[in-house]
Protein chains: 2
Amino acid sequence: MEKDQQYCPIARTAIIIGSRWTAQIVRELIDHGPRRFQDFADAIEGIGPTTLSSRLKMLEEAGIVERHFYDEHPPRAHYVLTEKGHRMKDIIGAMRNWGNLYR
Amino acid sequence: MEKDQQYCPIARTAIIIGSRWTAQIVRELIDHGPRRFQDFADAIEGIGPTTLSSRLKMLEEAGIVERHFYDEHPPRAHYVLTEKGHRMKDIIGAMRNWGNLYR
DNA sequence: CTGTATCCGTTTCGATACTG
DNA sequence: CAGTATCGAAACGGATACAG
């Protein structure tokens, strides 16, 4: 997507939710609560570490997830939804409903 | 997006609604009813004929819109939502709500 | 008016290997 | 474990011109 702002609220939302994998990442967080990097990698079939990393960063920059990193050994990280992220629940729910209607 | 099917309902929905402009095209139809090619071109700033054409075709193949073409002079076409398309209303609505919360 | 043909830069994707 | 580095392949996007 392009860099310059989108002033249509629907377009803005589509940029985030429409990027491949992001909807599934958010769904994981909504359904299961805080997740770690490896949790996503295991749950979302087909995604690689590069793409996962880039999506998480995008969601973090959009203020949808928060990253907590603990530099231990082994290192730990977990990702949690912000309030803004949590409010995407309705969108994810509607997408799931519709997607299930037309298999 | 890739060709092989997506079995996750959310992923399937994201492929459609996340492609650039599609959400706005569907919104036009939900808000204003049947539209013609030029209506979209006028209402959705920045979209070109190539992209508009390809999006409409995608939506048609997905069973979301129906295309009616009248080979007159000048030719006429109009696009209407199918029942399946109409049921995206909740998704669009949720996207609009969320997008408006975080300007 | 309603599109299609061309053509090409930009973005995205992702496998693999590797670091701390 | 939690990522980053690399780097080529593929998909996407879009301006312009043109056709029926």
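In what follows, chains carry the letters A, B, and so on, assigned in the order in which the sequence lines appear, proteins first and then strands, with residues in each chain numbered from 1. Heavy atoms only: backbone and side chains are in, while hydrogens, waters and symmetry mates are out. These numbers come from a predicted model, not from an experiment.
- Separating the CE atom of A:Met58 from the C1' atom of D:dG3 is a distance of 19 Å, rounded to the nearest angstrom.
- The distance between atom CG of B:Asp39 and atom C1' of C:dT2, rounded to the nearest whole Å, is 12 Å.
- Sorted by residue number, the list of members of residues 59-69 of chain B with any non-hydrogen atom under 4.0 Å from DNA chain D is empty.
- Atom NE2 in B:His73 sits roughly 14 Å away from atom P in C:dG3 (whole-Å rounding).
- Of the candidates C:dG3, C:dC1, D:dG13, C:dC1 carries the atom nearest the B:Gln38 side chain, counting heavy atoms from C-beta on.
- One interatomic measurement links the two molecules: CZ of A:Arg20 to P of C:dG14, which rounds to 4 Å at whole-angstrom precision.
- Look at B:Arg36 and you won't find any side-chain N or O under 4.0 angstrom from OP1 or OP2 of C:dC1.
- Checked by atom type and distance alone, the side chain of B:Asp39 pairs as donor or acceptor with a backbone atom of B:Arg36 at under 3.5 Å.
- Between the A:Arg35 side chain and the A:Phe40 main chain, no donor and acceptor come within less than 3.5 Å of each other.
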- B/S/- along nucleotides 15-20 of chain D (protein heavy atoms under 4.0 Å) is BB---B
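- Geometrically, A:Arg76 engages A:Tyr70 in a cation-pi contact defined by less than 6.0 Å to the ring centre and at most 45° from the axis.
- Comparing A:Ser53 and A:Pro74 along DNA chain D, the residue whose closest nucleotide (by nearest heavy atom) sits nearer the 5' end is A:Pro74.
- The listed nucleotides are D:dA2, C:dT2, C:dG14; the one nearest the side chain of A:Ala77 is D:dA2.
- Heavy atoms only, all atoms of each residue included: B:Val65 and B:Leu56 are closest at CG2-O, 4.0 Å.
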